[in-house]
Amino acid sequence: MTAVKQTIDDSDIDPNFKYELANILGEKALLHCFQCGTCTSSCPVADDVDIKPHQIIGMTLLGLKGKLLQSKTIWLCAACLACAEHCPRGVRSFYLQSVLKNLAARANNLPEGIREEGEIILTTGLAIPISSGIIKRRKKLGLPDLTPPDAETFQKIAEVTGVASLLSKKGGKEK
Amino acid sequence: MMDYALFLGCIIPYRLPQLEAAARKTLQKLDVNLHEMQGAGCCSDPAATPALDYKTALAVAANNICIAEEMELDILNLCNGCFHSLKLSNETLKNKPRLKNQVNEILAHVGKEFKGTINIRHLLEVMYKDIGLERIKDEIKTPFKDLKVSVHYGCHVLRPSNVLNVDDPLRPESLDRLVKLTGAESVKYMRKMNCCNYCIRVVDKDISLKLSAEKMKHIKQAQADCIVLLCPGCFMQYDLTQKEIIRLLEEEMFSIPVFSYSQLLGLAMDISAEELGLQFHRVKLKELFEKPALFA
């Protein structure tokens, strides 16, 4: 896939965006990126996305907040952390992308798969539903009975942090 | 006797309990005492909760860590994803007092407090560093003789190496050496350190499977008899959906069995295939076991 070429309009630029992100990340490394593209060369997904990892950083530094927070690409991270391991400037694209995802989720850009996964974790305390077949398999294997987690604890955490309200918006809309 | 609080997470106990059985049975032979963590739940999932909200992910992980703090035991993880979530959260909260206070304010609503008194460990480092190769070797009864293994570490046991500190993030050797200990050969193959791409499945399954297929092609080219890995996420990708992956390669269908390291070790320790749950694998192992001179 070739990279997207686009015209940038003044009104697309938020000059404070990079400082806002550096502040959330708790480090200034982001501002030191010199666009070498090492993150992109180490990224397993780079060939399949329209905005490459180093371009995500470049766009962040330019302040293209709206474009980034509405893109699907920021969600297509395999979370392998190869970029974080290789970056010569300590920028670590993975962490930047995580922060962008948090902001995008609040801007109604939340893939349904992630929303569903988050919902099941934060309502049941487990990422996978308990099935009777697996309980039987556990018995066959001589494994101990499991005590499921306290679902209310997870629900309470989601309520206190405000994530519960994000999860109730299926496809960006109230359920 | 070594004691750990066993953190199971979700995929292993509720989807792939055979990996749990193999780990428990091999660790028992190695005199490791496992203590159950009552009330523990999801680690936060490296692909889900942190993408939604970082502080929620920290609180979910810390809620689990608090259980082991009360037990006064270090946590042993079988899953790379759980290890990654819990260790990253544990180190962050230990080193960033402001964030720790904020997370403790959230945890106060569920009657918990993160103190920062324990360490988070992975099966790989417990095997390699705590138990040690010599001790494991003593328990190997029937080593393999002619078994070519493609070793797959999985990203979340290695990176970020400055925090996880398990092995070299780009040229690791611990799992290779543990595999060689069983008599098997660890074959060299291209793209060995590539990700399994399980984590992007929920966002784009096509890309996820396509990238796995590239790695599978190299594993086939290296003439490996099987894949040995650690993480249940990687196991889901390479075992449960292997057929879908191979189909993408547009060549003749083939299959390569997948084992967790505990299962491979268990076989060499003379634990039966049934006890290790090998009958529950989707990629069948019959052909592999029919191979002449598999064991010494």
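In what follows, every chain begins at residue 1, and chains take the letters A, B, ... in the order their sequences are listed. Every value quoted in this text rests on a predicted model; they were computed, and no experiment measured them.
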Top of [options] for chain B proximity - count of heavy-atom pairs under 4.5 angstrom:
options                                   : answer
Asn102(A), Thr161(A), Ile135(A)           : Asn102(A)
Gly162(A), Pro144(A), Ser42(A), Ala104(A) : Pro144(A)
Ala84(A), Ala151(A), Ser98(A), Ala127(A)  : Ala127(A)
Leu143(A), Val160(A), Thr153(A)           : Leu143(A)

For the residue pair [X] and [Y], establish whether any side-chain heavy-atom pair is separated by less than 4.5 Å.
X         : Y         : value
Leu276(B) : Leu141(A) : no
Cys195(B) : Pro44(A)  : yes
Thr49(B)  : Val163(A) : no
Tyr14(B)  : Leu126(A) : yes
Asn63(B)  : Phe154(A) : yes
Lys72(A)  : Val203(B) : yes

Side chain, backbone, both or neither: which part of [X] has a heavy atom under 4.5 Å from chain B?
X         : answer
Ala79(A)  : both
Ile128(A) : both
Val45(A)  : both
Ile121(A) : side chain
Leu100(A) : neither

Check against side chain to side chain contact (heavy atoms under 4.5 Å, CB included), Leu122(A) and Val60(B): CA-CA 9 Å; Leu122(A) 295 167; Val60(B) 165; 3.8 Å; yes

Atom [atom1] in [X], atom [atom2] in [Y]: separation rounded to 0.5 Å?
X         : Y         : atom1 : atom2 : value
Leu16(B)  : Ile134(A) : CG    : CD1   : 7.0 Å
Asp47(A)  : Lys210(B) : CG    : NZ    : 7.0 Å
Met193(B) : Cys80(A)  : CE    : SG    : 10.0 Å
Lys101(A) : Tyr54(B)  : NZ    : OH    : 13.5 Å
Asp48(A)  : Asp206(B) : CG    : CG    : 10.0 Å

What closest approach, in Å, do [X] and [Y] show between heavy atoms, and which atom pair accounts for it?
X         : Y         : value
Arg138(A) : Pro13(B)  : NH1-O, 3.1 Å
Pro160(B) : Glu85(A)  : CA-OE1, 3.5 Å
Ala47(B)  : Ile114(A) : O-CD1, 3.5 Å
Ala59(B)  : Ile157(A) : CB-CG2, 3.8 Å

Which one wins on heavy-atom pair count under 4.5 Å against chain A: [options]?
options                       : result
Glu20(B), Gln38(B), Lys55(B)  : Glu20(B)
Cys42(B), Cys155(B), Gly41(B) : Cys42(B)
Ala48(B), Gly9(B), Ala51(B)   : Ala51(B)
Ile207(B), Asn162(B), Leu8(B) : Ile207(B)

Sort [X] into side chain, backbone, both or neither according to what part of it lies under 4.5 angstrom from a heavy atom of chain A.
X         : answer
Glu275(B) : backbone
Arg24(B)  : side chain
Leu99(B)  : neither
Asp53(B)  : both
His109(B) : both
Leu52(B)  : both
Ser44(B)  : backbone
Leu88(B)  : side chain
Ala40(B)  : backbone
Ala21(B)  : both

Any chance you could lay out the side chain to side chain contact (heavy atoms under 4.5 Å, CB included) test for Leu158(B) and Leu81(A), step after step, and finish with the verdict? CA-CA 9 Å; Leu158(B) 297 172; Leu81(A) 285 108; over 6 Å; no

Yes or no on side chain to side chain contact (heavy atoms under 4.5 Å, CB included) for Arg137(A) and Gln18(B), after CA distance, side-chain angles and deciding distance? CA-CA 8 Å; Arg137(A) 190 189 293 184; Gln18(B) 59 270 32; 3.0 Å; yes

If you count the non-hydrogen atoms of other residues, nucleotides and ligands that lie under 6.0 Å from [atom1] in [X], is the total more than 12?
X         : atom1 : answer
Arg106(A) : CZ    : yes
Lys94(B)  : NZ    : yes
Gln70(A)  : CD    : yes
Gln35(A)  : CD    : yes

Should Glu112(A) and Val202(B) be marked as a side chain to side chain contact (heavy atoms under 4.5 Å, CB included) after you check the CA-CA gap, both sets of side-chain angles, and the distance that decides it? CA-CA 8 Å; Glu112(A) 183 53 19; Val202(B) 292; over 6 Å; no

Does the Asn197(B) side chain pair with the main chain of Ala78(A), one donor and one acceptor, at a distance under 3.5 Å? no

